[in-house]
Amino acid sequence: MLGFSADRLRADMNRLLALLFHQGVLDEQFLQLQQLQDESSPNFVSEVVNIYFQESERLLKNLRALLIERELTDYKKMGNHLNQLMGSSSSIGANRVRNVCIAFRANSEQSNRAGCLRALEVLEHEYCYLKSKLHELFQIEQQRVLGAGVRYPMQQN
């Protein structure tokens, strides 16, 4: 029975990953990140992704704060935050988040406040979707490896 359950969980993980790749949420960089995980660092991917989530939430908060200041929007600082978010998103394979950052940066380079506000809304949506799906993936993986005594640290909110 345990083998069947592990096979089912592995199939669930593969289906979820296939969906995320099909939707363009993730790209091949995520697979490369997974290849760095081994027995000596069984939680590597979840630890890297959790660091990404913490940093991304700080950057999203900063972007929102910059846009709230109606007359004092600092587009150069906004561009710096977007470059950081774009780079870290690329490094974990968060393809759609990275693509929204590119569009957002184009709006910031044109000092297009309305475009930036729309892009921020899309960016927050894409980020939340990515976070929920990767959290789901890590929960399935945690269930799958419980028998081996390996556990992923739970994500801090």
Side-chain angles (χ1 to χ4, degrees), residues 12-38 40-142 144-145 150-157:
D12 289 348
M13 284 178 56
N14 289 338
R15 273 193 293 279
L16 180 55
L17 277 172
L19 173 69
L20 295 175
F21 280 96
H22 178 73
Q23 293 175 334
V25 173
L26 295 176
D27 64 21
E28 65 281 345
Q29 185 62 36
F30 187 78
L31 295 176
Q32 291 177 9
L33 187 65
Q34 284 183 313
Q35 290 174 353
L36 297 174
Q37 183 166 293
D38 59 21
S40 67
S41 58
N43 301 325
F44 179 76
V45 175
S46 68
E47 289 169 358
V48 168
V49 169
N50 282 329
I51 291 167
Y52 165 79
F53 287 149
Q54 291 169 5
E55 184 63 16
S56 295
E57 287 175 20
R58 181 187 66 80
L59 291 168
L60 287 168
K61 179 180 170 188
N62 290 344
L63 287 167
R64 178 156 294 285
L66 285 169
L67 282 168
I68 287 174
E69 298 294 325
R70 287 188 181 267
E71 295 173 24
L72 303 173
T73 302
D74 185 343
Y75 291 102
K76 182 175 168 65
K77 189 180 273 188
M78 190 178 302
N80 291 338
H81 291 319
L82 287 165
N83 285 338
Q84 288 176 31
L85 186 55
M86 223 171 12
S88 59
S89 296
S90 290
S91 71
I92 70 154
N95 187 52
R96 283 195 345 202
V97 170
R98 181 187 59 84
N99 289 342
V100 174
C101 287
I102 291 169
F104 194 156
R105 187 177 63 187
N107 282 301
S108 74
E109 288 170 350
Q110 296 173 359
S111 300
N112 179 348
R113 187 171 185 285
C116 287
L117 284 167
R118 282 190 305 274
L120 178 62
E121 192 174 305
V122 173
L123 181 59
E124 288 174 331
H125 171 78
E126 289 297 337
Y127 170 78
C128 287
Y129 184 75
L130 172 73
K131 186 174 180 179
S132 85
K133 291 302 180 185
L134 289 181
H135 183 66
E136 183 180 339
L137 182 71
F138 294 146
Q139 284 180 324
I140 296 169
E141 174 69 2
Q142 183 178 8
R144 189 181 70 77
V145 298
V150 178
R151 297 191 68 134
Y152 283 108
M154 289 308 291
Q155 179 177 327
Q156 296 175 353
N157 292 329

J.: May I ask you to check whether over 12 heavy atoms, not counting those of R64, lie within 6.0 Å of atom CZ?
T.: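 Result for CZ/R64: open.
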
J.: Do any N or O atoms from the side chain of S41 and from the backbone of Q37 form a donor-acceptor pair under 3.5 angstrom?
T.: no

J.: Is it the case that the side chain of S108 and the backbone of R105 share a donor-acceptor pair, with hydrogens and angles ignored and the cut-off at 3.5 Å?
T.: yes

J.: Hey, could you give me the NE2/SG distance between H81 and C101, rounded to the nearest 0.5 Å?
T.: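 Going from the NE2 atom of H81 to the SG atom of C101 covers 12.5 Å.
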
J.: Does some side-chain heavy atom of L33 sit less than 4.5 Å from a side-chain heavy atom of F44?
T.: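 Touching, per the 4.5 Å side-chain cut-off.
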
J.: Once salt bridge (charged side-chain N to carboxylate O under 4.0 Å, His left out) is applied, what residue pairs with a partner in residues 12-23 remain, sequence neighbours excluded?
T.: R8-D12, D12-R15

J.: Roughly how far apart are N43 CG and N50 CG, rounded to 0.5 Å?
T.: 10.0 Å

J.: To the nearest 0.5 Å, how far apart are SG in C116 and CG in L123?
T.: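 Answer for the SG-CG pair, C116 versus L123, is 11.0 Å.
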
J.: Hey, does the side chain of R113 reach the backbone of L67 with a donor-acceptor pair shorter than 3.5 angstrom?
T.: yes

J.: To the nearest 0.5 Å, tell me how far L82 CG sits from L59 CG.
T.: 8.5 Å

J.: With side chain to side chain donor-acceptor pair (under 3.5 Å) as the rule and sequence neighbours excluded, what pairs involving residues 20-36 come up?
T.: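 Every side chain to side chain donor-acceptor pair (under 3.5 Å) pair that includes a residue of residues 20-36, provided the two are not neighbours, is Q23-Y129.
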
J.: For the residue pair H135 and Q139, establish whether any side-chain heavy-atom pair is separated by less than 4.5 Å.
T.: yes

J.: Checking N95 side chain against G24 main chain: does a donor-acceptor pair fall under 3.5 Å?
T.: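 Yes.
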
J.: Please report the interatomic distance CG(D74) to CG(N62), rounded to the nearest 0.5 Å.
T.: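 Separation between the atoms: 11.5 Å.
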
J.: Sequence neighbours left out, what pairs pass ring-ring contact (aromatic ring centres under 6.0 Å, His included) with at least one residue falling in residues 102-127?
T.: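 Qualifying pairs, neighbours excluded: F53-Y127.
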
J.: Start with the C-alpha distance between L60 and L120, add both sets of side-chain angles, then the distance that settles side chain to side chain contact (heavy atoms under 4.5 Å, CB included), and finish with yes or no.
T.: CA-CA 8 Å; L60 287 168; L120 178 62; 4.3 Å; yes

J.: List the residues meeting salt bridge (charged side-chain N to carboxylate O under 4.0 Å, His left out) with E121, not counting sequence neighbours, and say none if there are none.
T.: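 Once residues adjacent in sequence are excluded, E121 has no partner under the salt bridge (charged side-chain N to carboxylate O under 4.0 Å, His left out) criterion.
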
J.: Under the ring-ring contact (aromatic ring centres under 6.0 Å, His included) rule, collect the residues that match up with F30, sequence neighbours excluded.
T.: none

J.: What distance separates L130 CG from Y52 OH, expressed to the nearest 0.5 Å?
T.: 5.5 Å

J.: Among residues two or more places apart or on two chains, list those pairs meeting salt bridge (charged side-chain N to carboxylate O under 4.0 Å, His left out) that have a residue in residues 75-92.
T.: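 For residues 75-92: none.
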
